[in-house]
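Please read the structure below before turning to the comments.
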Amino acid sequence: MAETKSLENAEPVSPGKAVQADGPGLLEHSREFLDFFWDIAKPQQQTRLEATEKLLEYLRTRPRGSEMKYALKRLITGLGVGRETARPCYSLALAQLLQSFEDIPLCSILTQIQEKYDLQKVKKVAKRPALFANLFGVLALFQSGRLVKDQEALMKSVKLLQALAQHSNHLQGQPLKALVDILSEVPEAMFQEILPKVLKGDLKVVLSSPKHLELFLLAKQRVPAELEKLMGPVHLFSHENIPSLVNVLKMAATSVKKEHKLPDVALDLLRLALKEDKFPQFWKEVIEQGLLKKPSWPASYLCFRLLGAALPLLSKENLQLVMRGDLIRHFGEHMVIAKPQNLFKFAPEMSTYVTTFLEGCQDDPERQLAVLVAFSSITNQGLPVMPTTWRVTRSLSPHALQSYVAWLQNMFLQPNLDSLVDFSTANQKKAQDTSLNVPERAVFRLRKWIIHRLVSIVDQLHLEKEETLTEQVARFCLFHSFFKTKKPTRQIPETKQHFSFPVDERAREFIISAFFSLLQTLSTKFRKSPNQVTGGQSWSYRLVQLANMLLNHSHNVAILTPFTVQQRQAWDQMLETLKELEARSSEAKATAFQHLLLLVGIHLFKSPVESCELLGDIQACIKKSMEQKTRRSNKAINSQEPPWVEVMVEILLSLLAQPSHLMRQVARTVFGHICSHLTSRGLKLILDVLNPQMNEDEDSNVVVTDDSCEKQGKDEEDEGSDSEDNSGSEADSEEGEESEEEERDGDVDPGFRQQLMAVLQAGKALGGVDSDEDEEELGDEAMMALDQNLASLFAEQKLRIQARRDEKNKLQKEKTLRRDFQIRVLDLIEVLVTKQPESPLVLELLEPLLSIIRHSMRSRGSTKQERDLLHKTARVFMHHLCRARHYCHEVDNCAEALHAQVERLVQQAGHQADSSVALYYFNASLYLLRVLKGNTKRHFHESQKQPRANTGPESKGPQTASCLDLSIVTPVYSSALSSFLTKRNSSLTVSMFLSLFSRYPVICKNLLPILIQHVAGSTRPRHQAQACLLLQKTLSTRELRVCFEDPEWEQLIGHVLAKVTEALRTLGEAQSKPEHQKELASLELLNTLFKTINHEKLTVDLTTLLGVLQGQQQSLQQGTHSSGSSRLYDLYWQAMKMLGVQRPKSEKKEAKDAPTQSPISMKRKKKGFLPETKKRKKRKAENATPEADATAAAASGDQPPSTGKKRRKKRKAKVLALPQVNGTPATKSSTSDIPTLSPSTPAKTPKLQKEREKLSQVNGAAPMSPTEPTGKKHQKALPKKGVLGTSPQSALPRKKARLSLVSRSPSLFQSGAKKKKVPRKKGMMP
């Protein structure tokens, strides 16, 4: 509390002092109180609201007076702050404050605002904030809800707003807008009184700006009588005022250009026109003939928004006027040309307007239908501009939706082009292509849009609510896709529908395509009808029954492609099989087969020949699969006949060759049920499709036809005129010309060159003269003949170039289709490894998938299909195969082959050019190791037991319980590791071996000698760094430690330490980046070894290592200027610290200390620091020897002793409390003041001397005389092995905390097993 009050009293805010003067009790709450005003101005809305609520609660609980006065003053001050985002925050807080405390007079607040921000006295710099402060002050009074009740404050506010309206350069039209908002809520009596003061009687002033006109319209709406007295009768929509209204609306459109909203004045004008029955005049003269005469995009968007906002206000007659005028054509043109990114698209906003209208008139389905039909009738040369997936139909009432679908079907059957609002863009008019304006083309485009619109409506429906409508659309699409009417009948309503324009083959194709899209929607989104018919049949089954009913009515209905006898028999057999499967619908396999049979059966109408063969094979496979359970005991199988699973796999592959998403889903489902019966030959059929080598040599199951090319060309021809800009086509033609020029300038055909030379020579022969001088005498007939020959020759060459280009495009298209097919076939592989991860067939997938990855990585940047194939293959391989929880457990018969495969995979990983590809091969080998390790030995163990009896310790442990033979696997990875650490360029990486070592520590144990061998020696520095890194990461793992006995582990650590010592002999001599990395890795490995030795208390000889490190200190310090050497320096001293040698002070600190003693630096002292003469000097230790006293006095200068008795007693008690370790008494030793390794430097102070003494005694060092050179004494007592102690060079001045840490940690010279901690005893004397 004391600190809080002191901080509050130290608040530097100047208004706080005024608050202190007003009330002494405010000081206790000033911090909490003032924080409210900071939070009010923050940009987060939630923070502002919470701060305002807390401020109001605070003021309610406190007595009024200083708090309220300060709050009002602070909020009024905030109205004029420089931050524009903070002004509305303070205005809102002030409004809520005035709303909560109604006894505060508004006139006083308005007076304070005007006094604080007096526009007559304010300086020019602060004029803009003062203007906004007055405006936001009036808005705060208005938002409080009390301004319309206080007439005096209201009049003052109106007067102030009128004064602010003169400053339009700063405030623009905001004062008048605020005035309109205020007057719209005042009572009529007060409005009548204020009106003459705010509105002039001149109509020209009213029509001069949008705000004045808005004020006039407000008065016209609320007090028309008073307005007539003021201005007389005003005919706003007269011919004289139309130009002024147009100008005002243009100004309003420009003012809201960035806000994307409809100006209020436009909607008020519309309402006034409707009220005065002048809407047709207003719409035609002001909107269509005024704003759209020379349209700009702001004016166009204003018209569009006005159209959307007017929909709920218009009657049916006015809707017809609006939806068939020039504005709706302009809107359609905008929908067509608004394709570039830089043009604002109004379609989403119009969808919002239409959705709002449809939701607001649910009880008037006729108006809903009229609006939706009107928007669907806006066409560009027959094609409606609204998208087929327009989702406003979700807001239609059921009756309106049914009527809309009926209208679409009627327009599809009998298109009424005269009822459409059709238009052409500017570029389409310039083209003047007569073939684009024929009615047949418009009918084709309209029907194509309608059929896809019907499918989209079904996709957006709720099936449980609109099942009848869904069935109506499905029957319509099915009938007109495959059937035609012979004789109308009441049983089939579709037979009564006739086409006014005949349906050609192109139209029939997109109708069939739309039907299968509808079938996919019904099969995926609506699996089964909630109102189940005949036992819960799927929509596919219901459509098949409908098709069967149509086939049976052969007198009334005829199929477009008649069935042969064999095809009709296949259809009837399919129906029988469906009934059998329906009886076993409880089985998942039966349901999957049923879906497949239904889908292929419906395709019988599209492609009868292919589907007939498939139906027979599918039914045979279904019968065999269903009878398999009953015939398991019977093993007599005809060897000539392939298994049913292989036949089914071929069927699924043929179905996947079709680019149908529904086929893809059904194939996945069916394969998921039959993959448990899959054979090796069936898997080979799938892998042959994915094999890159076979696909390059010969075509796979994909057959590329010219239908897609024709469709694409026709679609481009149909939709090429939809765009307003022809820049795209021009760019395409330019690119085509450039490509032709490139091909011409490229490799010239020798045959064409010979033909050209022959034509030229023949032309010269026609002239009859061979010399160059008489070339000009060539006759006209000869020239004409030569021109004709050249023209025909170049025309033939152009045709040859085009043929080559077409062939290239065809090959590229075939490759694209083949890759798409392979991506779909990968679904089967994904299903196999997901559903049957324990199958032995999964092991056969490794190398084929790796082959796909390797081939795709070579061409990964070519096409999107190549990248998609690579990503999917890699995902299946890594996530579903290598990282699967379950794996095959029946490999005892093929363990030898798996070991050979491991060897082959590791060798291939080392031979790859890309390390990312090698990673997949290496992971595949690790997966096989996991499979072998997880399988118990049966036959394989007996076969491998005899030749590998003397394998040593590897035969213990995990090998005896698994199929993994370490004597085979270890040389494989040993060879790979040796190659990795010797080759200049290797595709293997450190992470691969770390993954191997972490998963299989037994293999890691066998590979450690190779790593240790490459730590030092003649190996490249980069490989030495990699070996050190591998050892560092591996030796610290717990799994590896378990594989070693204690003596064996200690011997290993010693061996590694010896190699590291050898590598560190060249420390600090790095001249290249690899050498520098080697030094870093060596020191990191050394520190890891120290931690291991320290943690496990091993006995290791560190004498040689200490000498090597101390010998390299000078060379290391000389090389500290190189880049990255700071990390090396830190690692070096980290290792030296573990050896007991402390790091010296940095040179920067010494450089800072040196200038402080110079007379120049003493002239300008740092503020807040005592000079040296004023500092308290430390007294000499009482027990110090005369030599030490003399040395300390020489070091510190002649200074009077300090009188610190308590400190002396504490130091003396600490010295007396030092224990005797190993029988050695603790004596005082001199220490060095300068951070150097010289043994002859004197001690600085007795305090540091005692700390060094304490450290040396804990570490077991022998006592030294203060006068004896430190270095010589320590060199005599330096242990060889297992001896505690620190070198004399470690006696460097460090902080007490650092020294205590070193003293408490066990020394690395000491054997952890033999170390005994001696408890300290108080009073133990040296």
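Heavy atoms only: backbone and side chains are in, while hydrogens, waters and symmetry mates are out. Computed from a predicted model, the values in this text were never measured in an experiment.
Rounding to the nearest 0.5 angstrom, the gap separating the NZ atom in K864 from the CG atom in D820 is 8.0 Å. Rounding to the nearest 0.5 Å places SG of C894 at 6.5 Å from CG of L843. Distance check: C888 SG to Q836 CD gives 11.0 Å after rounding to the nearest 0.5 Å. The distance from the CD1 atom of I512 to the CZ atom of F510 is 10.5 Å, given to the nearest 0.5 Å. To the nearest 0.5 Å, atoms CZ (R824) and CG (L656) are separated by 7.0 Å. Remark: L817 CG to Q812 CD distance equals 10.5 Å, nearest 0.5 Å.
Side chain of S611 to main chain of H603: a donor-acceptor pair is present (N/O by atom type, distance under 3.5 Å, no hydrogens or angles). Formation of a donor-acceptor pair under 3.5 Å by the T489 side chain with backbone atoms of I492 is not found in this model. Judged by distance alone, with hydrogens and angles left aside, the side-chain atoms of K872 form a donor-acceptor pair with the main-chain N or O of I823 at under 3.5 Å. Listed for the T873 side chain is a donor-acceptor partner under 3.5 Å among the backbone atoms of L869. The main-chain N or O of E866 is never found under 3.5 Å from a side-chain atom of R819 such that the two would form a donor-acceptor pair. Judged by distance alone, the side chain of E509 and the main-chain N or O of R506 form no donor-acceptor pair under 3.5 Å. In this structure, T485 contributes its side chain and P488 its backbone to no donor-acceptor pair below 3.5 Å.
Annotation: Y887 is not in aromatic contact with Y927 [ring centroid separation under 6.0 Å not met]. Centroid-to-centroid, the aromatic rings of H480 and F499 come within less than 6.0 Å. F483 and F605 have their aromatic ring centers within a separation under 6.0 angstrom.
Checked for salt-bridge contact, K684 and E844 miss the test: no charged N lies under 4.0 Å from a carboxylate O. Using a cutoff of 4.0 Å between basic side-chain nitrogens and carboxylate oxygens, R875 and E830 are scored as salt-bridged.
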Indicate every side-chain donor-acceptor pair of residues 613-620 with a distance under 3.5 Å to a residue at least two apart or in another chain.
residue, atom, partner, partner atom, Å
Q619, OE1, T577, OG1, 2.9
Q619, NE2, L615, O, 3.3

Could you go through residues 552-563 and list every donor-acceptor pair under 3.5 Å that involves a side-chain atom there, pairing it with any protein atom two or more places apart or in another chain?
residue, atom, partner, partner atom, Å
N552, OD1, R568, NH2, 3.1
N552, ND2, N548, O, 3.1
H553, ND1, M549, O, 2.8
H553, NE2, Q491, OE1, 2.8
N556, ND2, K487, O, 3.1

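Under the side chain to side chain contact (heavy atoms under 4.5 Å, CB included) rule, W539 has a single partner from T470, L598, L519, which is T470. A side-chain hydrogen bond (donor to acceptor under 3.5 Å, both in side chains) with E494 is found for exactly one of R475, Q472, Q409, namely R475.
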Stepwise, does the side chain to side chain contact (heavy atoms under 4.5 Å, CB included) test hold for K815 with L811?
CA-CA 6 Å; K815 185 178 180 181; L811 293 177; over 6 Å; no
Quick one, L478 with L518, criterion side chain to side chain contact (heavy atoms under 4.5 Å, CB included). Give me CA distance, side-chain angles, the key distance, then yes/no.
CA-CA 10 Å; L478 174 64; L518 176 65; over 6 Å; no
Going through the distances and angles, do K496 and R490 end up as a side chain to side chain contact (heavy atoms under 4.5 Å, CB included)?
CA-CA 8 Å; K496 297 181 180 180; R490 293 181 180 179; 4.1 Å; yes
Report the C-alpha separation of E580 and K623 in whole Å, then their side-chain angles, then the decisive distance to 0.1 Å, and conclude whether the salt bridge (Lys or Arg N to Asp or Glu O under 4.0 Å) test is met.
CA-CA 10 Å; E580 297 176 1; K623 290 180 181 179; 5.9 Å; no
Does the side-chain hydrogen bond (donor to acceptor under 3.5 Å, both in side chains) test come out yes or no for S456 and Q460, once each step is laid out?
CA-CA 6 Å; S456 175; Q460 299 168 15; 3.1 Å; yes
Test side chain to side chain contact (heavy atoms under 4.5 Å, CB included) applied to L408 and I457, step by step
CA-CA 11 Å; L408 289 173; I457 289 175; 3.7 Å; yes
Assess the residue pair F501 and F444 against the criterion (ring pair (Phe, Tyr, Trp, His ring centres under 6.0 Å)); give the C-alpha distance rounded to whole Å, side-chain angles, the decisive distance to 0.1 Å, and a yes or no.
CA-CA 9 Å; F501 286 85; F444 174 81; over 10 Å; no
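Residues passing the salt bridge (charged side-chain N to carboxylate O under 4.0 Å, His left out) test with E650, sequence neighbours excluded: none. Residues satisfying the side chain to side chain contact (heavy atoms under 4.5 Å, CB included) test with V831, not counting sequence neighbours, are R668, F671, K835. For R664, the salt bridge (charged side-chain N to carboxylate O under 4.0 Å, His left out) criterion is met by D827, not counting sequence neighbours.
Residues S625 and F593 have side chains in contact (heavy-atom distance under 4.5 Å, counting atoms from C-beta outward). M648 places a side-chain heavy atom less than 4.5 Å from the side chain of L596. Between S839 and V842, the closest side-chain pair of non-hydrogen atoms falls below 4.5 Å. For the pair H595/T669, no side-chain contact is recorded, criterion being any heavy-atom separation below 4.5 Å from C-beta on. Annotation: side chain of L652 is not in contact with side chain of I686 (no heavy-atom distance under 4.5 Å). The shortest distance between side-chain heavy atoms of L846 and F877 falls below 4.5 Å. By the 4.5 Å heavy-atom criterion applied to side chains, V876 and L881 are not counted as neighbours. The closest side-chain heavy-atom distance from K484 to F479 is not below 4.5 Å.
Between H673 and A592 the shortest heavy-atom distance is CD2-CB, 3.3 Å. Closest approach of L604 to Q567, counting heavy atoms only: CD2-O, 3.9 Å. The heavy-atom pair separating F821 from L653 by the smallest distance is CE1-O, 3.4 Å. Across all their heavy atoms, I853 and A874 have their closest contact at CD1-CA, 4.2 Å. In this structure, V455 and A514 approach most closely via the heavy-atom pair CG2-O, 3.5 Å. In this structure, A474 and L543 approach most closely via the heavy-atom pair CB-CD2, 3.9 Å.
Judged by the 6.0 Å distance and 45° axis criteria, K606 is positioned over the aromatic ring of F516.
When the shell of 6.0 Å around CD of Q414 is examined, it contains more than 12 heavy atoms from other residues, nucleotides or ligands. In this structure, H886 places its NE2 atom where only 12 or fewer heavy-atom neighbours from other residues, nucleotides or ligands lie under 6.0 Å away.
Pairs passing the salt bridge (Lys or Arg N to Asp or Glu O under 4.0 Å) check and including a residue from residues 543-565, sequence neighbours excluded, do not occur.
Side chain to side chain, E582 and Y541 meet the donor-acceptor criterion of an N or O pair below 3.5 Å.
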